[in-house]
Amino acid sequence: MEYIKENLERIKTEIAKICDKHKRSTSEITLIAVSKTFPADCISAAYAYGHRVFGENRPQALRDRFVEIKEENISWHLIGSLQKNKIKYVVGKTALIHSVDSVETAIGIDDYCRKHALSQEILIEVNTSGELSKMGISPGQLPEILEKTRYCRHIRIMGLMTMAPLTTHAKTIKNCFAMLRSLRDTYQKTLPTLTHLSMGMSNDYALALEEGATLLRIGTAIFGNRPEAKAFHA
Ligand SMILES: *Cc1c(COP(=O)(O)O)cnc(C)c1O
């Protein structure tokens, strides 16, 4: 599985180049290898090369990875939607939950953590494209979710996440990323932990980096194409 190592190297070189151009430090960027639907040996191959940060989009898939993957010191990220009844599968074992998109889920995570003496770092997913197929709160709902979780002591809201629309029109994609950054800049004034921007996937991570992304979620560019059917339900 030499290709996984080569892909990781190529992407890291690319990230370094873009950071250099935009006067950013590569130390502020985390590359999350999105391993969803790929077999465990793909994860092991990336791990052997030194990669330690992986992402899954389904809570059940992540729960299965905790058992299946024996390698230590992996930082697991949940990047897909989380229903209240699946909180128990992931909370406390996941470095970061990117995809919290309701007050109910945020408070559900906080409740679960309080009962189990845990704490959990999360991001709020924002729908910056207005596409109905996209998850996330609308930008206008952000103040409400931040206000209603103000006294949640067991979650820490570390930033925002978004997905750009599927288009080749770079300007449209950049506008989404710029909007997320602008929301972060605005609400960071009242919530200082709001620092991270999770945006950028295989096809648009260069644009995301230019707009200030700190967390890149990259799957196919590292592991290759996902099996058709599963990829669609991602
Ligand atoms: C699958 C997925 C990714 C990675 O997509 P690629 O195009 O394979 O890089 C990123 N973010 C989310 C939320 C995903 O579900």
Side-chain angles (χ1 to χ4, degrees), residues 28-30 32 34 53 55-59 62 75-114 118-165 173-201 204-205 208 211-217 234:
E28 14 170 305
I29 319 287
T30 302
I32 300 157
V34 177
V53 189
E56 290 285 332
N57 69 328
R58 293 174 52 242
L62 198 50
S75 165
W76 288 105
H77 290 233
L78 180 70
I79 61 172
S81 65
L82 178 61
Q83 306 294 321
K84 256 187 95 172
N85 61 338
K86 310 266 167 55
I87 286 172
K88 58 182 180 292
Y89 295 161
V90 295
V91 165
K93 293 174 245 169
T94 305
L96 184 64
I97 297 173
H98 291 228
S99 36
V100 175
D101 62 358
S102 71
V103 173
E104 195 196 12
T105 303
I107 290 179
I109 296 171
D110 188 64
D111 279 345
Y112 184 90
C113 284
R114 186 165 17 79
L118 298 167
S119 63
Q120 180 67 58
E121 297 194 343
I122 66 170
L123 305 178
I124 305 296
E125 181 169 359
V126 182
N127 181 344
T128 52
S129 68
E131 284 189 338
L132 293 175
S133 61
K134 293 279 187 290
M135 313 290 292
I137 60 164
S138 69
Q141 290 174 304
L142 190 57
E144 186 197 341
I145 200 167
L146 296 180
E147 175 59 32
K148 290 194 169 155
T149 53
R150 253 178 83 183
Y151 300 106
C152 293
R153 296 270 169 255
H154 300 267
I155 52 170
R156 278 211 294 169
I157 304 178
M158 304 303 292
L160 305 174
M161 181 270 221
T162 201
M163 275 176 102
I173 296 172
K174 282 197 85 161
N175 285 345
C176 289
F177 295 156
M179 186 191 291
L180 199 73
R181 177 169 65 176
S182 154
L183 288 169
R184 191 265 324 261
D185 293 348
T186 301
Y187 293 101
Q188 195 174 42
K189 295 186 185 99
T190 44
L191 183 65
T193 57
L194 201 78
T195 49
H196 284 287
L197 293 174
S198 170
M199 55 192 199
M201 314 188 351
D204 57 19
Y205 74 87
E211 293 299 333
T214 62
L215 301 162
L216 303 174
R217 312 180 309 266

Between Lys93 and Trp76, is any pair of side-chain heavy atoms under 4.5 Å apart?
no
Leu78 versus Thr94, closest heavy-atom pair with distance
N-CG2, 3.5 Å
With distance as the sole test, does Gln188 use its side chain to make a donor-acceptor pair with the main-chain N or O of Leu194 at under 3.5 Å?
yes
Can you name the closest pair of heavy atoms from Glu211 and Met199 and give their distance?
O-CE, 3.5 Å
Close side-chain approach of Asp110 and Thr149, heavy atoms under 4.5 Å:
no
Ile97 side chain near Val91 side chain, heavy-atom distance below 4.5 Å
yes
Looking at Phe177 and Gly200, what are the two nearest heavy atoms and their distance?
CZ-N, 3.9 Å
Is the closest side-chain heavy-atom distance between His98 and Arg217 below 4.5 Å?
yes
Minimal non-hydrogen separation, Tyr89 against Pro59, with atom names
CB-O, 4.1 Å
Across all chains, not counting sequence neighbours, the salt bridge (Lys or Arg N to Asp or Glu O under 4.0 Å) partners of Asp185 are none
If we only count heavy atoms from C-beta on, is the Met135 to Met163 side-chain gap below 4.5 Å?
no
Give the C-alpha distance, both sets of side-chain angles, the deciding distance and a yes or no for side chain to side chain contact (heavy atoms under 4.5 Å, CB included) between Thr186 and Leu142.
CA-CA 11 Å; Thr186 301; Leu142 190 57; over 6 Å; no
With rounding to the nearest 0.5 Å, note down the distance linking OG1 in Thr30 to CG in Leu216.
8.5 Å
Are side-chain heavy atoms of Ile109 and Leu82 found at a separation under 4.5 Å?
yes
Quick one: does Gln141's side chain have a donor or acceptor within less than 3.5 Å of a partner on Ser138's backbone?
yes
Could you check whether atom CZ of Arg114 has more than 12 heavy atoms from other residues, nucleotides or ligands sitting under 6.0 Å from it?
yes
Run the side chain to side chain contact (heavy atoms under 4.5 Å, CB included) check on Val34 and Asn57 step by step: do they pass?
CA-CA 8 Å; Val34 177; Asn57 69 328; 6.0 Å; no
Backbone of Ala178 reached by a side-chain donor or acceptor of Ser182 within 3.5 Å:
no
Distance col, row Asn175:CG vs Ser129:OG, nearest 0.5 angstrom, shows 11.5 Å
To the nearest 0.5 Å, atom CG of Leu62 lies from atom CD1 of Ile79 at 10.0 Å
With the side chain counted from C-beta on, respond yes when Leu123 and Leu160 share a heavy-atom pair under 4.5 Å apart, and no when they do not.
no
Minimum-distance pair of heavy atoms, taken over all atoms of Glu125 and Asp101:
O-CB, 4.4 Å
Return the OG1 to CG distance between Thr190 and Leu146, rounded to the nearest 0.5 Å.
6.5 Å
Is the shortest side-chain heavy-atom distance between Leu118 and His154 below 4.5 Å?
no
Measure the spacing between SG of Cys176 and NZ of Lys134 and express it to the nearest 0.5 Å.
8.5 Å
State whether the side chain of Thr193 and the backbone N or O of Met158 hold a donor-acceptor pair below 3.5 Å, judged by distance alone.
no
Quick check: closest heavy atoms across Ile32 and Gly55, and the distance to 0.1 Å?
CG2-N, 3.5 Å
Rounded to the nearest 0.5 Å, how far does CD1 of Ile137 lie from CD of Glu144?
8.5 Å
Worked verdict on Val126 versus Leu180 for side chain to side chain contact (heavy atoms under 4.5 Å, CB included):
CA-CA 8 Å; Val126 182; Leu180 199 73; 3.8 Å; yes
Can any side-chain N or O of Asp204 pair as donor or acceptor with the backbone N or O of Ala208 at less than 3.5 Å?
no
